[in-house]
Amino acid sequence: MIPDKAPGEDVLHASGDFKKEAHVPSFEKYKELYVKSVESPEEFWADFVKDFFWKKKHNGKFLDYNFDVTKGEIYVKCMEGASTNICYNVLDRNVNDRKLGDRVAFYWEGNEPGDEKTVSYRELLQQVCKFANVLKSQGVKKGDRVSIYMPMVVELVVAMLACARIGAVHSIVFAGFSAESLCERIMDSRCCLLITADGFYRGDKLINLKLIADEALQKCREKSFPVEKCIMLKHLTKEDEGTTPGSLSPPAKRACPDLQVPWNSEVDMCWHSLMYDALDECEPVWCDSEDPLFILYTSGSTGKPKGVLHTVSGYMLYTAATFKLVFDYHPDDVYWCTADIGWITGHSYITYGPLANGATSVLFEGLPTYPDVSRMWEIVDKYQVSKFYTAPTAIRLLMKYGSEPVHKYKRDSLKILGTVGEPINPEAWHWYYNVVGEKRCPVVDTFWQTETGGHVLTPLPAATPMKPGSATFPFFGVVPAILNESGEELEGPSEGYLVFKQPWPGVMRTVYGNQQRFETTYFKKFPGYYVTGDGCRRDKDGYYWITGRIDDMLNVSGHLLSTAEVESALVEHESVAEAAVVGRPHPVKGESLYCFVSLSDGISYNQKLEAELKKLVREKIGAIATPDYIQNAPSLPKTRSGKIMRRILRKIASNERDLGDVSTLADSSVIDQLFENRCSTAV
Ligand code: WTA
């Protein structure tokens, strides 16, 4: 339970000035609101509900649910009976009712310094309406799935909100995923249309996105799932004269007229030509609270990604509330989340949460290290960013270059710093707090998942004394517990499985098309609880500390990957008989991929094979899954029943000689050989 008073020792407190105007100004206030949020959710959420427009009000309970598999099907329903539209709420309501049409929605900053564009709420609404009409003209209807595979451009936000406006379900695939991964996701959610772009630059590297998208569509065709509609945004290639009225994409400084874009006129359509004729008004389609809003794929321990499904009203309330309270949003803020919209952080905290609050955000296409390692701080200074949200991996990367690149720019505008995606080590936390935030800015270490929709364990900046490395306490409506292996709830200081005892509005509703998998993954192990898959420790003051994944999942640079997914890519190579992948601690990425491969009889290991294996994994999954180490392992450590002992492989990967209990190992002689063949440098 949450203590009555926050501890006074071993903690850092936010400065007094900023507390005065904070939405939740003290720990006592947090505690009072927390109790209300758990005991009377309807009353607690009423304040947020009234901020939105409802075509029809809800008639049943605020939250209706079953979280216990032994009592029947798992379900969560929030505000059943209500009807609304999230796009209307994040745009029309701001422009028309709140008179914020002229307010900047996004400062778009391209990969290349100087490539920039400012988009107001009014312009965004107009573009979204036009594109919603384009989708309608292509036959897209409420409930249809639309796949979006785009770089970080304003049109990505336009595409997702246009789907939401007409009740279509967006399924965004991060533009770093391979053709194979895109094809798998398009087929799993049975999308009827793909939206993509010609290409983009990541730093110096040119990515021909359309080529990859075409390859994905070709694969879909071969697997008898033809998607014969593809809308392509010209982002790098030049526009034809006269086809770009009100275009949001500025001519890229780094324009690339020579980019060879494959084009199939039976399938492909040009974004700008379609927009040219589209009307700029489009009545929103009113949706039920529990109508699907989007699908977003996340790694699953079987290797096949899970289509996490979120629905309209609960997600809208939850992202709006967490954004407002965790970043203590005020109208004069300029907010910047550096995540990609292809991940949940971008969905919740670049698009929906900030826009629901009428916030002004930076939307950044580039990299923290391009053209140099000061880029982030240059952008903070340029736009006078006050709330800044990034990942520990980016902090650790920039920390390597010391404080000088940070000091080159002023950071007076900064008020709150946030992190997300993986545990932050205290050293990185302190650097972020001391060097970036000049000891002025509280750090909110936000723990959450694609599945949770928004923050679930997090400090509130003015209320929660900070402990570096701890995500501190639950957000409103969230009830965490720590269980031991037998499923017993542990009290007081303890360590075990992190679970949640009841739903909150933003929790996922199902795995798209596979309710059974939803129940098995999250609810079977401990009936009555949602199981996060993360380990967690609670200290004597009640603070929660995430210790990392305890399933077969790896967290590389804040991105979850399943070991099974990488293994199945490796064994597709004809020379590989078996593969086992584990995480090895990495100073910047958090974890790196260490792969053990057993080769087929008669095959010998060499550099050519190593390069082929790396390439294969990149092609199958994407660059984020590229192996850092590949070790030739003629035999793998197995139990007598043939199960690979990953615990031992993890120790070998990080060269830890103390292996603990190895009595279940079938043949202990493999261990020495594995240690001998260890890779010490990355491939
Ligand atoms: C990890 C990202 C420690 C965790 C929003 C979780 C964290 C997984 C934190 C979800 C944090 C995220 N401290 N670990 N503050 N935030 N994680 O679905 O293992 O991409 O289960 O969602 O990231 O990753 P996902």
Side-chain angles (χ1 to χ4, degrees), residues 172-174 176-177 294-301 305-310 315 318-319 322-323 326 337-353 389-396 417-426 428-429 432 443-459 464 466-475 478 480 497-500 506-508 511 521-522 530-537 543-563 565 583 589-591 622 624-625:
I172 302 181
V173 179
F174 170 59
F177 275 118
F294 68 84
I295 299 166
L296 181 59
Y297 286 86
T298 186
S299 294
S301 57
K306 303 181 288 266
V308 170
L309 184 93
H310 285 282
Y315 179 81
Y318 202 70
T319 52
T322 44
F323 176 78
V326 174
C337 166
T338 68
D340 192 290
I341 293 179
W343 308 106
I344 191 69
T345 305
H347 280 60
S348 300
Y349 299 114
I350 295 181
T351 302
Y352 290 108
Y389 194 30
T390 195
T393 183
I395 299 168
R396 289 191 297 261
L417 303 173
T419 73
V420 58
E422 55 185 308
I424 180 162
N425 46 316
W429 194 100
Y432 197 32
V443 173
V444 287
D445 175 354
T446 62
F447 166 83
W448 60 295
Q449 309 176 302
T450 304
E451 294 87 337
T452 68
H455 309 138
V456 281
L457 297 181
T458 178
T464 318
M466 298 166 280
K467 291 199 186 194
S470 167
T472 74
F473 296 107
F475 188 75
V478 174
Y497 292 87
L498 176 68
V499 298
F500 295 113
V507 70
M508 74 183 285
V511 169
T521 311
Y522 305 102
Y530 165 89
V531 180
T532 59
D534 282 290
C536 186
R537 177 168 72 79
Y543 278 63
Y544 289 86
W545 301 73
I546 303 296
T547 54
R549 299 292 304 191
I550 38 183
D551 48 15
D552 291 334
M553 224 72 86
L554 291 172
N555 194 325
V556 179
S557 300
H559 303 314
L560 278 192
L561 288 170
S562 89
T563 52
E565 202 175 357
K589 299 202 265 187
E591 279 186 289
I624 46 166

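Quick note: residue numbers are just sequence positions, from 1. Owing to the predicted nature of the structure, the values given are computational and were not obtained by experimental measurement. Order of listing sets the numbers, starting from 1, for every ligand and every atom in it.
Between the side chain of Thr446 and the backbone N or O of Thr419, at least one donor-acceptor pair lies under 3.5 Å.
Trp545 meets the ring-ring contact (aromatic ring centres under 6.0 Å, His included) test with no other residue; sequence neighbours excluded.
A distance limit of 4.0 angstrom between heavy atoms and ligand 1 selects the residues Ile344, Thr345, Val420, Gly421, Glu422, Pro423, Asp445, Thr446, Phe447, Trp448, Gln449, Thr450, Asp534, Ile546, Arg549, Asn555, Leu560.
Using a 4.5 Å cut-off on side-chain heavy atoms (C-beta onward), Trp429 and Val443 make contact.
A salt bridge is defined here as a Lys NZ or Arg NE, NH1 or NH2 lying under 4.0 Å from an Asp or Glu carboxylate O, and Glu422 with Lys589 fails to meet this definition.
For Tyr349 and Thr322, the side-chain atoms include at least one donor-acceptor pair closer than 3.5 Å.
Exactly one residue among Ile344, Leu457, Thr458 makes a side chain to side chain contact (heavy atoms under 4.5 Å, CB included) with Trp448. That residue is Ile344.
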